[in-house]
Amino acid sequence: MANLDTPSDCVNDALFRGDEPVDGTSDFLAATRRRAVMVHHDIHNRYPFWWARVYPPGVFNTAARITNLTITATTVGTSVAATLSAAPAGSVSITGRKILPSGQPWFARVTAHTGGGTAVTLDSVPTSLAAGTATVIVQDEYQLAANLGLFVDGLWTEDGYFIELQPEERIRKDWGDLPSPSWPPTAFCRLDQRRVRLSHYPIASKRVEFPYSTQPDDIDPTDGTTELTIDPAWRWLLAEGILYYLYLMKSDKRAASAKQDYERGIEECVAYQRRVLMGIGSHPGQSVRSPFL
């Protein structure tokens with residue numbers, strides 16, 4: 001078989017080893033191609049492999065808190081219309097930010113606001129707010145890159161601080177829902193594919209960098225010309241994963257062995273990446289002792 005350079009190469013390799021014709025007549029061809037797309041995603045969902053890392057790393061700026069405005073909300077309930085004492089500076093929209101009314105044990109999320117305006121819609125107001133109620137407007141949730149797959153480690157601030165990724169449950173349990181100020185935040189969590197929440201909101205605008213691997217688009221399993229982004233030394237993983245599912249569809253007893261080879265290959269690839277990044281000494285920065293010493 002040819003080198004495993006393209007999606008089609010990997011599909012044909014799996015078909016050949018699975019005792020299926022590679023001339024387009026296999027009864028399993030369509031299903032095997034679908035599994036190729038699935039396995040490609042599975043590989044990238046396992047670990048932030050070096051070939052999928054985005055350069056330069058992702059970056060975002062935090063929003064400084066706003067403390068010079070007051071708010072009025074004469075009604076209570078959900079989706080409540082409220083009015084700010086003035087438009088936020090810079091004609092920015094504060095949709096998605098949180099309102100912390102003075103003296104209240106709750107916050108409200110801004111669900112609608114047009115930059116340059118004073119009218120806002122709040123998701124929930126349990127107690128009416130008299131005209132001129134002092135408020136702090138903060139942002140502790142941010143939407144990151146559209147192709148965000150896996151974080152390499154966490155977030156890095158302009159001051160050189162590291163912010164670790166934690167489950168959302170820990171953020172809520174340890175720091176509560178009512179936002180509080182601190183920089184750097186202790187931790188952050190993912191709320192969905194792109195949105196993160198910081199354990200504490202920043203007082204000032206800060207630069208935050210996040211190394212990450214991409215969530216790739218679907219591959220075209222019929223493509224025999226476009227080179228895979230997977231490192232050439234590890235493209236066999238895609239072929240091995242496809243072969244496993246082909247065996248499975250054929251009720252072939254060799255499926256278990258192919259599954260083991262695929263899973264072992266993933267572990268070997270992760271271990272190889274760690275050796276590449278850390279060296280092969282027993283400790284970081286320590287070289288291997290020469291056999292002649």
Side-chain angles (χ1 to χ4, degrees), residues 4-11 14 31-62 96 139-157 162-171 185 187-199 207-245 259 262-274 276-277:
L4 303 177
D5 294 330
T6 69
S8 180
D9 290 340
C10 292
V11 170
T32 301
R33 286 173 172 171
R34 288 193 294 270
R35 294 304 183 274
V37 177
M38 185 178 73
V39 173
H40 186 259
H41 280 301
D42 180 59
I43 292 172
H44 289 89
N45 291 340
R46 299 294 190 98
Y47 196 77
F49 291 112
W50 68 91
W51 63 75
R53 291 194 182 184
V54 175
Y55 185 83
V59 65
F60 68 95
N61 292 330
T62 64
Q139 184 171 354
D140 62 358
E141 296 177 2
Y142 295 86
Q143 184 162 288
L144 307 186
N147 63 342
L148 176 60
L150 298 174
F151 286 101
V152 172
D153 37 36
L155 307 180
W156 295 88
T157 75
F162 176 67
I163 308 171
E164 64 177 343
L165 178 62
Q166 292 288 341
E168 182 181 357
E169 290 81 1
R170 188 193 169 194
I171 300 294
F188 79 105
C189 67
R190 291 184 82 157
L191 299 176
D192 56 34
Q193 182 68 31
R194 299 178 58 186
R195 190 170 296 278
V196 299
R197 176 186 170 185
L198 307 178
S199 60
R207 180 185 190 274
V208 181
E209 187 170 284
F210 56 99
Y212 73 101
S213 65
T214 183
Q215 176 62 54
D217 295 330
D218 289 349
I219 57 171
D220 178 0
T222 67
D223 187 350
T225 59
T226 304
E227 189 171 342
L228 289 163
T229 58
I230 299 174
D231 189 275
W234 298 96
R235 290 171 183 166
W236 63 269
L237 285 175
L238 178 58
E240 203 66 40
I242 299 170
L243 178 62
Y244 159 65
Y245 283 104
K259 175 68 170 177
Y262 175 63
E263 294 295 342
R264 183 172 61 249
I266 294 288
E267 293 176 0
E268 291 174 356
C269 192
V270 171
Y272 174 75
Q273 174 159 318
R274 290 173 177 164
V276 168
L277 297 179

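For the numbers below, each heavy atom of this structure counts, side chains included, while hydrogens, waters and symmetry mates do not. Index from 1, following the sequence.
- Looking at Q273, its side chain does come within 3.5 Å of a backbone N or O of P48 through a donor-acceptor pair.
- Residues I242 and R33 have side chains not in contact (no heavy-atom distance under 4.5 Å, counting atoms from C-beta outward).
- D9 contributes a side-chain N or O that, together with a main-chain N or O of T6, makes up a donor-acceptor pair within less than 3.5 Å.
- If you check the side chains of Y142 and N61, you find no donor sitting under 3.5 Å from an acceptor.
- Between F151 and Y212, the distance from one ring center to the other does not fall under 6.0 angstrom.
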Q | Verdict with reasoning, R46 to E263, per salt bridge (Lys or Arg N to Asp or Glu O under 4.0 Å) | A | CA-CA 10 Å; R46 299 294 190 98; E263 294 295 342; 2.9 Å; yes
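- When ring centroids are compared, W234 and Y272 come within the 6.0 Å threshold.
- If you run side chain to side chain contact (heavy atoms under 4.5 Å, CB included) between V11 and each of L238, T32, I219, only T32 comes through.
- In plain terms, the two heavy atoms of H44 and A52 that are nearest each other are CD2-CB, 3.7 Å.
- At least one donor-acceptor pair closer than 3.5 Å links the side chain of R190 to the backbone N or O of Q193.
- Two residues are said to be in side-chain contact when any heavy atoms from C-beta on lie closer than 4.5 Å; R207 and V59 meet this criterion.
- Side chains of M38 and Y245 form a contact here, defined as non-hydrogen atoms less than 4.5 Å apart.
- H41 and D218 form a side-chain donor-acceptor contact under 3.5 Å, judged by distance and modelled atom types alone.
- The two atoms that bring F60 and L144 nearest to each other are CD2-CD2, 3.4 Å, heavy atoms only.
- With a 6.0 Å radius and a threshold of 12 heavy atoms from other residues, nucleotides or ligands, Y47 has its OH atom above the threshold.
- Side-chain contact between V39 and C10 is absent, with no heavy-atom pair separated by less than 4.5 Å.
- Using a 4.0 Å cut-off between a side-chain N of Lys or Arg and a carboxylate O of Asp or Glu, R235 and D231 do not qualify as a salt bridge.
- The environment of D192 atom CG is dense: over 12 non-hydrogen atoms of other residues, nucleotides or ligands sit within 6.0 angstrom.
- Here W50 and Y55 keep their ring centres 6.0 angstrom or further from each other.
- Using a 4.0 Å cut-off between a side-chain N of Lys or Arg and a carboxylate O of Asp or Glu, R170 and E164 qualify as a salt bridge.
- What you find for A14 and A239 is that their closest heavy atoms are CB-O, 3.9 Å.
- Side-chain contact between D220 and T226 is absent, with no heavy atoms from C-beta onward closer than 4.5 Å.
- Taking 4.5 Å as the limit, some side-chain heavy atom of E141 sits within range of a side-chain heavy atom of L191.
- Residues F210 and W156 place their aromatic rings such that the two centres sit no closer than 6.0 Å.
- By the 4.5 Å heavy-atom criterion applied to side chains, V54 and S213 are not counted as neighbours.
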